[in-house]
Every structure is written in C-alpha cells, then in structure tokens.
Q: 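Here's a structure for you.
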Amino acid sequence: LMGEVVTVDWTSLKRGGSVGTGTFKTVFSASHDDRDIALLHIRDGAAVALEKTIFMSLGAHPRLATCYGQTKDSEGNHYLIADLALHGSLDQVIEHYGSKITDAVRLAIVLQ
C-alpha cells in the first residue's frame with residue numbers, strides 16, 4: 001500500500017464466503033477484476049483507519065499481505081481489500097501443521 005488507499009465500488013466485487021473470524025474482524029474471500037482478494041470487515045469502524053495505517057507502515061513485503069484499497073457496502077460497513085492468503089490465517093496454518101512445525105520455525109514466527 002503506497003500513499004492513498006484506492007476506493008473500490010462495492011458492486012464491482014464478487015464476494016465469497018467467510019474464511020476467518022477474529023476478535024476485531026472477519027475476512028471474506030472475494031474477487032475483483034478476475035483477481036482473488038480478501039475483504040477485511042473490521043467491526044469497529046474507528047479501527048479501520050488504524051488497520052490502514054498498520055498496512056501502510058509495513059509496506060510491501062513478499063511474506064505479508066498487501067492492502068490494495070477500501071470499500072463500503074450498502075449498509076455502510078467498511079472493508080479493506082487485501083491479498084488473499086491461500087493457506088488461511090497464521091492461526092489456521094499453525095493449527096493444521098502444528099505438530100510438523102519445528103521449534104526453529106516457531107521461534108522465527110515469534111521474532112517476526
């Protein structure tokens with residue numbers, strides 16, 4: 001995410017199902033312009049600005065999801081548009097592969 005966040009028309013998105021729910025947000029799969037994306041519905045509207053700021057401060061990195069834009073549905077709910085993690089959230093990956101993850105990899109995850 002560089003500079004301004006692009007605003008995308010809600011009606012141009014093809015929304016799929018929920019892929020994960022956390023304390024502060026729900027992530028939905030979607031597509032836009034034939035690209036698979038994640039829609040991050042942040043339940044506390046005030047936290048949207050903070051989430052955007054965090055994405056901007058992280059910048060582009062091959063191992064981090066990139067935020068590409070934002071949108072708002074017909075009910076006024078705000079969403080951020082980001083890369084869709086093909087293997088799910090870090091929590092899901094750890095739960096699925098937990099017994100196969102070495103201590104060295106666990107330490108690397110914590111240090112990141």
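On a predicted model such as this, the values are computed, not experimentally measured, just so you know. All residue numbers in this chain count up from 1 along the given sequence.
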Q: Quick check: do L39 and V27 have side-chain heavy atoms less than 4.5 Å from each other?
A: no
Q: Assess whether side-chain contact (heavy atoms from CB on, under 4.5 Å) is satisfied between Q70 and I81, documenting all intermediate values.
A: CA-CA 5 Å; Q70 63 187 0; I81 299 169; 5.9 Å; no
Q: Counting N and O atoms only, with roles assigned by atom type, does the side chain of T71 sit under 3.5 Å from a partner on the main chain of V8, one being a donor and the other an acceptor?
A: yes
Q: Before you tell me yes or no, could you show the steps for D83 and R35 under salt bridge (Lys or Arg N to Asp or Glu O under 4.0 Å), namely the whole-Å CA-CA distance, both residues' side-chain angles and the distance that decides it to 0.1 Å?
A: CA-CA 9 Å; D83 289 323; R35 177 182 184 167; 3.4 Å; yes
Q: Give me the atom names and distance for the closest heavy-atom approach of S18 to T21.
A: OG-OG1, 3.8 Å
Q: Would you say D73's side chain and G76's backbone share a donor-acceptor pair under 3.5 angstrom?
A: yes
Q: Please give me the minimum heavy-atom distance between A30 and R15, naming the atom from each residue.
A: CB-CA, 4.0 Å
Q: For H78 and K72: C-alpha separation, side-chain torsions, deciding distance, then whether side-chain contact (heavy atoms from CB on, under 4.5 Å) applies.
A: CA-CA 5 Å; H78 293 268; K72 186 166 48 169; 3.7 Å; yes
Q: Could you walk me through whether I37 and L13 satisfy the side-chain contact (heavy atoms from CB on, under 4.5 Å) test, starting with their C-alpha distance in whole Å, then the side-chain angles of each, then the deciding distance to 0.1 Å, before giving a yes or no?
A: CA-CA 9 Å; I37 59 168; L13 302 170; 3.9 Å; yes
Q: Given side chains that start at C-beta, do those of S31 and D34 come closer than 4.5 Å, heavy atoms only?
A: no
Q: About how many Å separate CH2 of W10 and OH of Y79, when rounded to the nearest 0.5 Å?
A: 4.0 Å
